[in-house]
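See below for the structure under consideration.
Quick note on labels: first sequence line is chain A, next is B, and so on, each numbered from 1.
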4 protein chains.
Amino acid sequence: MNAGPDAPQARRRLAPEARTPQILQAALEEFAERGYAGARMAAVAGRAGIAKGLIYHYFPSKDALFQATVHACTQPLFEEAERQLSGHAGSARELLGALVRMGYARISADQQERTLFRLIITEAERFPDLARFYREEMLARATAIARAVLRAGVAAGEFRPEVADMPGLAEVVLAPVLMASVWRMILGESDAPAPGVLRDAHLDLLLRGLSA
Amino acid sequence: MNAGPDAPQARRRLAPEARTPQILQAALEEFAERGYAGARMAAVAGRAGIAKGLIYHYFPSKDALFQATVHACTQPLFEEAERQLSGHAGSARELLGALVRMGYARISADQQERTLFRLIITEAERFPDLARFYREEMLARATAIARAVLRAGVAAGEFRPEVADMPGLAEVVLAPVLMASVWRMILGESDAPAPGVLRDAHLDLLLRGLSA
Amino acid sequence: MNAGPDAPQARRRLAPEARTPQILQAALEEFAERGYAGARMAAVAGRAGIAKGLIYHYFPSKDALFQATVHACTQPLFEEAERQLSGHAGSARELLGALVRMGYARISADQQERTLFRLIITEAERFPDLARFYREEMLARATAIARAVLRAGVAAGEFRPEVADMPGLAEVVLAPVLMASVWRMILGESDAPAPGVLRDAHLDLLLRGLSA
Amino acid sequence: MNAGPDAPQARRRLAPEARTPQILQAALEEFAERGYAGARMAAVAGRAGIAKGLIYHYFPSKDALFQATVHACTQPLFEEAERQLSGHAGSARELLGALVRMGYARISADQQERTLFRLIITEAERFPDLARFYREEMLARATAIARAVLRAGVAAGEFRPEVADMPGLAEVVLAPVLMASVWRMILGESDAPAPGVLRDAHLDLLLRGLSA
DNA sequence: TATGAATGAGTTTTCATTCAT
DNA sequence: CATGAATGAAAACTCATTCAT
């Protein structure tokens with residue numbers, strides 16, 4: 001049609017290794033903004049700067065694209081936390097503080113993480129694979145980290161002995177961080193409870209509630 | 001065509017007061033199962049046992065039906081909690097325990113409440129009205145209750161003085177109950193962390209973390 | 001858009017009993033001209049003078065529409081032949097002549113019948129239902145008629161005894177009529193072997209080949 | 001990417017004389033299974049073990065490929081029959097029997113021939129060239145052979161004199177063989193009238209119907 | 001010669017909404 | 001008030017064809 005100066009840089013051939021993440025990033029944005037049903041393949045293509053059809057060269061259906069999108073962006077999620085956990089030298093209280101602060105900092109900073117979380121909440125019922133993925137790759141990893149900190153604290157005599165193996169406690173310890181994220185999803189940056197404020201109250205309650 | 005005895009309750013004229021809740025209930029079910037974009041007006045009509053067209057006599061659009069649906073089912077949500085709060089005579093620790101237990105019990109029992117919560121999470125970004133509604137009618141009411149309990153406990157000397165006015169603490173105290181609901185949404189009854197287990201850990205942490 | 005005098009007579013509500021055959025007729029024309037894969041639902045709608053969507057009100061898919069189309073137009077096919085068979089009083093030679101003449105006349109006249117036949121040939125491999133339908137509702141009926149005539153001729157002493165039960169003979173007797181139809185499909189009215197000419201040669205061969 | 005020993009014969013340069021029949025064979029299979037509109041160029045490439053793009057080096061369009069495909073596989077069709085005809089020494093009855101038997105044998109054996117015939121029936125309307133091709137290269141050759149046999153039989157006094165020049169008789173004589181092929185197309189090997197059975201009835205009718 | 005990434009027009013299908021009955 | 005036939009815009013998906021490599 002037109003090949004004017006604004007024309008969308010006609011037909012740039014890329015290796016699949018370069019194109020795939022580009023599409024996945026565009027898909028993440030679109031799915032995040034509109035949810036699964038609301039997302040349009042044409043919009044994904046638009047965001048990626050390619051033609052609709054090309055998406056189908058890489059993913060057989062909207063469904064497959066969605067699942068690939070979610071899977072693709074979980075890699076870096078827990079890496080930092082697990083690094084902190086294994087590399088930490090100081091007290092368990094300090095470690096707990098550092099991890100909680102990291103969690104709240106992420107909520108403030110990382111749009112993509114909230115987005116991912118929302119997609120899982122929203123679509124888990126229709127994509128059973130997603131629920132399994134959340135349970136195994138996200139919740140299990142997060143509670144494992146929390147449990148390790150609790151045990152370290154007990155071992156060091158900083159936390160009271162019962163918390164080492166109290167069922168459900170790891171989840172309860174995590175919950176406020178996750179809810180901070182949910183609130184931010186729902187209410188937006190301006191109206192949600194401020195992460196910094198939640199963090200301070202959360203740490204105050206935790207340190208008091210766990211210590212020996 | 002036929003209005004014989006087997007005809008599926010053909011063309012039964014009802015007063016608007018009777019039809020409206022029937023439609024809203026059907027809409028809640030459909031929106032809950034499919035989300036806003038995935039819900040079909042024809043399916044809402046089907047669930048309500050009426051023709052598609054009739055919905056438009058009562059609600060001007062899918063959008064309006066959705067908002068009415070969410071608004072309609074929040075009424076009974078906090079009534080019991082507020083009744084308990086104002087009618088309570090015993091210690092603040094007992095009151096806190098009773099309220100937390102009620103919260104977790106609801107998660108186990110009330111499908112509709114989780115459903116409502118999910119819809120808000122899912123659609124808040126596209127329906128700003130919904131976010132405002134959640135903030136004013138749900139989160140604000142819930143934190144007000146929590147804050148009242150904390151203050152009562154401080155006043156009675158059961159809780160340490162700082163918790164009376166610590167910003168964000170009411171939200172942190174509530175968060176694990178809400179996350180229990182979110183996990184149940186995502187993972188289903190069988191795979192989500194068990195509410196009873198979370199409840200016990202939660203109460204243990206709270207009572208220890210708040211007490212004077 | 002336009003509501004000029006040529007506008008396609010906006011939104012004319014019809015009872016399903018009236019609309020269904022209208023759509024089927026349009027579909028027959030379109031499928032006949034283009035085959036299954038080549039036919040466009042939009043074109044069917046256009047021929048029927050309705051909107052695309054309405055077709056899906058009556059038939060769940062292109063596939064279903066196609067099968068309904070073929071089924072719908074077989075009713076009148078063998079009625080006349082079967083009537084002639086049961087009502088005939090004269091000689092078997094005369095009956096055979098009348099039926100063969102009717103067959104060739106149909107090929108000349110009835111576009112729709114050729115069309116139907118072509119669709120079956122074309123699509124039978126992809127629609128196994130169609131093959132079964134052809135075998136049971138068309139070929140079986142046609143050979144039954146032919147066999148009845150042969151037996152009548154033997155009973156009357158007009159045909160030699162072997163032809164009463166010779167396997168495959170009914171099919172061989174019918175074949176030239178059907179091939180006349182196939183040739184007409186392939187070559188068109190002007191280039192195909194003329195039905196009248198084939199008919200005379202066919203009858204000559206038959207009467208000589210069958211007679212006692 | 002990799003050209004390791006397991007790679008599916010990556011990028012093997014072939015002379016056009018070798019590539020063309022490879023593509024045509026693949027195209028015949030694909031067109032046969034799916035018809036013209038249903039066939040996909042990618043599938044043709046896949047069957048031929050080459051990339052889509054390469055087809056366009058040899059044929060300018062799907063259309064051209066189709067026509068080339070049909071033309072390419074008619075060469076050997078009548079060669080044997082014409083050889084038998086010119087080389088035959090015995091009686092006309094024997095020659096007729098041999099040719100008819102050969103025809104039915106082909107139907108049983110040669111998938112490719114039925115396929116070709118189906119494509120012509122299916123697509124002749126949309127490809128006028130195909131109809132002309134069928135008329136000149138197939139039907140005309142076949143009737144010429146049949147007519148030659150009839151004349152030989154009359155000349156030898158085996159057949160009655162009228163059949164030497166009866167218009168349409170050659171076509172009628174051929175028709176059952178062709179219909180046997182059509183039935184086999186429609187109904188498949190298992191449900192179609194058995195070629196051997198048709199052959200015997202056909203010969204019986206012919207010899208009786210033609211003889212002096 | 002050969003590949004397969006890239007395009008985009010065209011197709012089926014869905015569904016909110018309207019409106020004749 | 002009530003129905004469901006009818007519309008049409010929009011969305012998922014397909015595939016012949018092109019072209020950078």
Side-chain angles (χ1 to χ4, degrees), chain A residues 1 8 10-16 18-19 37-45 49-63 65, chain B residues 1 10-16 18-19 37-45 50-63 65, chain C residues 1 8 10-16 18-19 37-45 49-63 65, chain D residues 1 10-16 18-19 37-45 50-63 65:
Chain A
M1 286 284 139
R11 194 177 275 245
R12 181 57 198 234
R13 190 190 180 107
L14 281 185
R19 196 60 95 190
R40 288 170 301 118
M41 295 297 267
V44 173
I50 58 173
K52 255 181 322 176
L54 190 53
I55 299 178
Y56 290 89
H57 200 71
Y58 290 90
F59 302 95
S61 67
K62 186 183 183 181
D63 202 287
L65 175 63
Chain B
M1 289 291 127
R11 194 179 279 244
R12 178 134 165 106
R13 187 179 186 127
L14 243 62
R19 200 58 100 190
R40 286 169 301 123
M41 296 296 269
V44 173
I50 58 173
K52 268 177 309 172
L54 192 52
I55 298 178
Y56 289 86
H57 270 279
Y58 294 90
F59 302 95
S61 69
K62 186 185 185 182
D63 203 288
L65 174 63
Chain C
M1 286 288 133
R11 196 178 275 248
R12 183 54 200 234
R13 189 191 181 105
L14 282 186
R19 195 60 94 191
R40 287 172 302 117
M41 295 297 267
V44 173
I50 58 174
K52 256 179 320 175
L54 191 53
I55 299 177
Y56 290 89
H57 201 70
Y58 291 90
F59 303 95
S61 66
K62 186 183 183 181
D63 202 287
L65 174 62
Chain D
M1 284 293 127
R11 193 180 280 243
R12 178 132 165 111
R13 189 174 185 128
L14 243 61
R19 199 58 101 190
R40 287 170 298 124
M41 295 295 268
V44 173
I50 58 172
K52 268 177 309 175
L54 191 52
I55 298 178
Y56 288 86
H57 269 278
Y58 294 89
F59 303 95
S61 68
K62 187 185 184 182
D63 204 286
L65 174 62

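For DNA chain E, the neighbouring residues in residues 52-60 of chain D, judged by any heavy atom under 4.0 Å, are Lys52(D), Gly53(D), Leu54(D), His57(D), Tyr58(D).
The 5' end of DNA chain F is approached more closely, in terms of each residue's nearest nucleotide, by Ala42(A) than by the other of Asp63(D) and Ala42(A). Summary of the strand contacts: Met41(B) and Ala51(D) both lie near DNA chain E, and taking for each the nucleotide with the nearest heavy atom, the more 5' one is attributed to Ala51(D).
If you measure from atom NZ of Lys62(D) to atom P of dT18(F), you get 14 Å, rounded to the nearest angstrom. Distance Ile50(A) CD1 to dT18(F) C1': 17 Å, rounded to the nearest Å. Nucleotide dT11(E) holds its P atom 16 Å from the CG atom of Leu65(C), rounded to whole Å. When rounded to the nearest whole Å, the span between CZ of Arg13(C) and P of dA5(F) equals 6 Å.
Side-chain nitrogen and oxygen atoms of Arg19(A) include at least one within less than 4.0 Å of the OP1 or OP2 phosphate oxygen of dA6(E). Checking the phosphate oxygens (OP1, OP2) of dT11(E), a side-chain nitrogen or oxygen of Arg40(C) falls inside 4.0 Å.
Applying the side-chain contact (heavy atoms from CB on, under 4.5 Å) test to Lys52(B) and every residue at least two apart in sequence or in another chain returns Ala42(B), Ala45(B). Listed by chain and number, the residues in a side-chain contact (heavy atoms from CB on, under 4.5 Å) with Ala37(D) are Ala37(C), Arg126(D) (sequence neighbours excluded). Under the rule for a side-chain contact (heavy atoms from CB on, under 4.5 Å), the partners of Ala43(C) that lie at least two apart in sequence or sit in another chain are Glu30(C), Arg40(C). With sequence neighbours excluded, the residues that form a side-chain contact (heavy atoms from CB on, under 4.5 Å) with Tyr58(A) are Pro16(A), Arg19(A), Thr20(A), Ile23(A), Leu54(A).
Listed by first residue number, the stems of DNA chain F with at least three Watson-Crick or G-U pairs below 3.5 Å are E:2-21 with F:2-21.
Nearest heavy-atom pair, Ile55(C) versus Met41(C), reported as atom, atom and distance to 0.1 Å: CD1-O, 3.5 Å.
With dT13(E), dG4(F), dT3(E) as the choices, the nucleotide that has an atom nearest any side-chain atom of Ser61(C) turns out to be dT13(E).
At the heavy-atom level, Ala39(A) lies under 4.0 Å from the strands shown only through sugar-phosphate atoms.
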